[in-house]
Each structure stands twice: as structure tokens, then as C-alpha cells.
Amino acid sequence: RGKNLLEPSNTSTLSSIDPMESFSFLDKKREMLNASRVEELTGDLNQENLTAIRNLTISGKSWGLDAAKHFAPTLRKMERLQNVDFSDIISGRNEDEANEVLKILTEQLTNTSLVSLDISDNALGRKGINSISALLQSQANLEKISFTNTGLAPEAAELLVSILLQGPKPTKLKVAHFYNNLLKEEGAKHLAQLFSVSPLLEDIRFSATRSGYIGCAFIGEGLRSCQNLISLDFSDNNFGKSKAIAGLVEVLKNNPKLKVLNVRYTEMGDKGAALVIDALKDHLHLEVLDLSGNEITEEIAVALSRCLQNKKHLKRFLMEENELKSEGVSHISRGLLSCQQLTEVDFSTNECGDSGAYSLLRNAHGKPHLTTLKLNGNQLSEDALRRVGALSSIYGLEQALSVADNDDPEEEEEVSPWEWLPITALALILQDISDQQLPLTSYIHHARSLAKSQLVAQFENLKL
């Protein structure tokens, strides 16, 4: 989870206090808190300066009833709080005590005007939502909410949305995270109502929600009014039906400034992926694209390659666990040639074979920021493993290939990448020069940087 807290500025051994801004625990160990322990952890707080605190996090420790009651008067005085992180504060408590703790702590904040509230990693359910209802009802300026991994079922989602919709509309929400919940179709329908009156949304995480394609279709409809989306995470959902994928496509077309799209494991197949790719053709700001685990084949590889050609800001491109084979990987890798900002490329488990791996590695060369190129699970031959190892060393990749999923690492002997250069890697490099019409000097530079004088001599003596 992303945090909104500022960096601490003092040297307290138990807590972090910036007199002008923030409070959090320096002691990050998980523990069950009682009143005496809370007194130890918060003893550095100056009661006269509590109104200066803007950012508060008390997450990662389990608050008992006496602990909550002890801290309540202090919390009540933090009237100017803006960002609150109450994630993971009732772990290990029985339901009644947990809900009472939530009620006590959140009710102390009803006199605040929060911008951000993170209540993630707490087992809420409908009773938990009811426990924090007073706080939710009092907030008219919330821009960021996170209910990740809170066990939200449809009835809990219904109550949550009904409370939030009691405030001004349209809402001021910009960030809404609901990862790993039990929303199903009805829960998704309720959240869609909230999204439909939140046109300022920029960051949505609606993943692993068990919503099915009908629920995903509801969410698509709810986001129709949103035209400011920057990050969209729909992973681990079902877009395998036409209505669901149509809603996603419309959302994409309405948000050309999108930077992050995660639709891994969404059952879209070639048909759905083709529609998504077409919708992304003019998205020039895309930085992260994850299409993993969607049974995508080489049939749409050419279209995807063309789509990537104008993605000059793309940093992470993930295609693991598809069915691209060598032809598909080769086509797509050519589309990545113009993506000079790439840091990570993942084609693991795509049945790409040796030729697909060679093509990908050649086309990955010259990317100044690329450090990770994953090819695991592609059943490469022993010869290919050696060649890829040699080329990855020349190209400066930290992780071109982990042998673990391709062969038995215990049976692989230690091989110097330079052992195979005269026969294999050099030939591929020369082919790369010919295919891409890149200057030989760029390869000489790489060789020099690795202090391989013999290889440099071979390059410099070539008459091309």
C-alpha cells in the first residue's frame, strides 16, 4: 500500500514525531497493545502541540480495548489531521472487541476533515463498517480511501456506499482501493454507484474481488463519467464476456492520460485483448502495461506490436503466462524497440522457444534503463541458455534468465558467458546490427565497459 505520511524528523526511540506534521511508531514489530504499552509508545507526544499533527499512522499493532480507551483523549485533540492510516489494527482480537476498538478510535476523529483514510487489513464486514460509520458520515472532503483486504461482502459494501453517498455529490474521491474482498456481483454494483458520482477519480484498484463478469460490467458502467484516470488495476477479475470487456474498453478510450493498466488474469483471451489493444493505440503516457495470464496467442501479436510503437514512456511490460510462442514474442519484441524507458520486461511461460528468446534479447538491447528481462518457463534448450547468458552479460541485464523453470539448476554447470561468444553471441550481435542498422560503436562501447579487450579487438577489426 502506498503511504501518505511524511518522513519523520526526530530521533525518538519509540515513536516518530515531526512537531509540525506527523506521528507514527518507529518500533515496527507486531504486538498486542494494552494501555501501559500505548503510554510507552506515545509518551513523547506534546499534548500542547497535538493540533499541529496532520498525518497519523498507528498500523501494524493490535489495539486492545483498554489501549484504545487510553489513546482516545489524545486522538481527540488531533483536530487538524488530514491523512490517517488505521490499517491492520485489530488483528487477533475477537469480533466484539475489534468492533468496539474501531468505534472508539474512529469516533475521536469526527471533528476532523480528512483527505485520506486507510482502513485496510482489518476484518470489517457489515458490523465493522457500522463501527466506523460516525467517522465516514462526518467526512465531506475525502480524496483517498483504501479498504484493501477487509473482507467486504455485498451487504458491507452496500452499507459503506450508502454512508459515503450521504455526503456532498459529486464526491471528491481521487483514489479508491478495494483489492482482495468478497464483493461479488452485488458488491460491485454498489461500488459502481459510488464511482458514478466520483468524476475526479484517478487511481482505482478493483482487483481480486470475486465479482464475475457481471460485476465487472457494473464497474465499467460506473466509471463512464471518469476522464482523469491515471492508474487502473482490474487484475484477477473476469472480463471474458462481451458486456464486461465493452465497459473496460469504453473506460480506456475515455482516459487517454492513463499511465498504469493492470489487467492480468482477467480471462479476456485474444478477442478481449484485441479490443483492449485497439483502445490503447493513442495512449501516449502509458508507463505500465500488464496483460499476463490471459491466454493471449500469436494471433494478436502484430496488433500489440504496433500499439507499443508509440509508447515511449513505457517502463514495465508484463506478458507472462500467455501462449505467444516464438512468432508472437518476436513480433511484440520489435514493437518494444521504441520503448527506451523500459526497466522490466516479462515473457515468462509463453512457449517462446529458442528463436523467440533470441529475438527478444536482441530487440531489448540498447535500452539504457532495462535491468530485468524474464524468460522463465519457456523450455529453452541448453544451447539457448548459454547464448542468452552470454548476450545478457554483454547487454548489461541483471536478470535475463533464471534457469530454475527451464532446466534443473543442479545439472547446469557454471558457464562463463564469454566462452560462447566467438561462435554464438557474436553472430547474433552482428545480426542485430544488420537488422536494426545500429552503429557498431555502440557494441564496442559495451565491450569496453566490461573490459574485454580481446572482444573489442574482434569488433574493431571487422570491416562492415
Side-chain angles (χ1 to χ4, degrees), residues 1 3-5 21-24 42 45 47 49-59 63 65 67-90 97-148 150-152 155-178 181 190-191 193-201 203:
R1 285 185 311 279
K3 303 295 183 185
N4 297 296
L5 301 182
E21 294 290 348
S22 307
F23 175 84
S24 63
T42 62
L45 277 171
Q47 297 293 313
N49 291 330
L50 293 177
T51 56
I53 296 177
R54 302 289 187 273
N55 313 299
L56 171 70
T57 180
I58 59 172
S59 63
W63 289 70
L65 192 57
K69 290 179 178 178
H70 183 82
F71 190 55
T74 298
L75 189 56
R76 186 70 178 176
K77 295 177 183 178
M78 299 181 187
E79 298 177 351
R80 297 185 183 178
L81 279 174
Q82 294 181 341
N83 305 303
V84 171
D85 185 348
F86 277 4
S87 61
D88 191 18
I89 61 172
I90 53 173
E97 181 181 21
N99 288 329
E100 188 63 24
V101 166
L102 289 172
K103 181 178 176 64
I104 290 172
L105 293 177
T106 56
E107 283 185 349
Q108 310 314 309
L109 303 180
T110 55
N111 60 337
T112 65
S113 180
L114 299 182
V115 173
S116 171
L117 175 64
D118 188 347
I119 203 79
S120 300
D121 298 318
N122 293 301
L124 296 179
R126 186 178 178 87
K127 291 181 180 179
I129 296 297
N130 191 59
S131 296
I132 65 174
S133 60
L135 172 60
L136 296 176
Q137 289 170 348
S138 67
Q139 302 302 314
N141 297 308
L142 277 174
E143 295 181 7
K144 305 176 183 180
I145 56 173
S146 181
F147 285 80
T148 290
T150 51
L152 287 184
E155 60 274 12
E158 180 181 19
L159 179 59
L160 172 62
V161 171
S162 67
I163 294 171
L164 292 174
L165 292 184
Q166 291 176 15
K169 291 181 283 294
T171 77
K172 296 182 179 181
L173 284 178
K174 295 182 179 179
V175 179
H177 288 186
F178 291 93
N181 280 293
H190 296 308
L191 281 187
Q193 295 175 346
L194 176 63
F195 294 164
S196 68
V197 293
S198 304
L200 301 180
L201 280 169
D203 181 348

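It should be emphasised that the depicted structure is a prediction, and the values quoted were computed from it without experimental measurement. Atoms considered below: every heavy atom in the structure, side chains included; atoms not considered: hydrogens, waters and symmetry mates.
- Under the salt bridge (Lys or Arg N to Asp or Glu O under 4.0 Å) criterion, Lys69 pairs with no residue at all, not counting sequence neighbours.
- When all heavy atoms of Glu100 and Leu65 are compared, the closest pair comes out as CG-CD1, 3.3 Å.
- One distance of note links CD1 of Ile145 with CG of Leu194; it measures 5.5 Å at 0.5 Å rounding.
- Considering all non-hydrogen atoms of both residues, Leu201 and Ala176 come closest at CD2-CB, 4.2 Å.
- Taking 4.5 Å as the limit, some side-chain heavy atom of Asn111 sits within range of a side-chain heavy atom of Arg76.
- One distance of note links CG of Asp88 with CG of Asn122; it measures 6.5 Å at 0.5 Å rounding.
- Residues Leu114 and Gln139 come closest through the heavy atom pair N-OE1, 2.6 Å.
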Determine whether Leu117 and Ile132 satisfy the following criterion, side chain to side chain contact (heavy atoms under 4.5 Å, CB included), listing intermediate values before the conclusion. CA-CA 11 Å; Leu117 175 64; Ile132 65 174; 5.6 Å; no

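- For Glu107, the side-chain hydrogen bond (donor to acceptor under 3.5 Å, both in side chains) partners are Lys103, not counting sequence neighbours.
- The CG atom of Asn83 lies 10.5 Å from the OG1 atom of Thr57; values are rounded to the nearest 0.5 Å.
- The line from CE of Met78 to CD1 of Ile53 is 4.0 Å long, rounded to the nearest 0.5 Å.
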List the steps, then state whether side chain to side chain contact (heavy atoms under 4.5 Å, CB included) holds for Val84 with Thr112. CA-CA 11 Å; Val84 171; Thr112 65; over 6 Å; no

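- Residue Ile119 forms a side chain to side chain contact (heavy atoms under 4.5 Å, CB included) with just one option from Ile129, Leu136, Leu124, and that option is Leu124.
- Residue Ser59 comes nearest to Ile89 through the heavy atom pair CA-CG2, 4.0 Å, listed as atom of the first residue, atom of the second, then distance.
- Listed here is the closest heavy atom pair of Leu102 and Ser131: CB-CB, 4.2 Å.
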Let's go through Asp203 and His177 carefully: what are the C-alpha distance in whole Å and the side-chain angles of both, what is the deciding distance for side chain to side chain contact (heavy atoms under 4.5 Å, CB included) to 0.1 Å, and is it a yes or a no? CA-CA 8 Å; Asp203 181 348; His177 288 186; 3.1 Å; yes

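- The structure places OG1 of Thr74 at 9.0 Å from CZ of Phe23, a figure rounded to the nearest 0.5 Å.
- Put simply, the side chain of Asn181 gets close to the backbone of Thr150: a donor and an acceptor are under 3.5 Å apart.
- A distance of 6.0 Å separates CD in Gln82 from CZ in Arg54, rounded to the nearest 0.5 Å.
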With side chain to side chain contact (heavy atoms under 4.5 Å, CB included) as the test, would you mind laying out the steps for Phe86 and Leu56 before giving the verdict? CA-CA 8 Å; Phe86 277 4; Leu56 171 70; 4.0 Å; yes

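- Proximity of Lys77 to Asn49: side-chain heavy atoms (C-beta onward) are nowhere separated by under 4.5 Å.
- Heavy atoms only, all atoms of each residue included: Ala156 and Gly125 are closest at CB-C, 3.6 Å.
- The aromatic rings of Phe178 and Phe147 lie parallel to each other, with less than 30° between the two planes, well short of the 60° mark.
- The side-chain hydrogen bond (donor to acceptor under 3.5 Å, both in side chains) search around Ser198 returns Thr171, not counting sequence neighbours.
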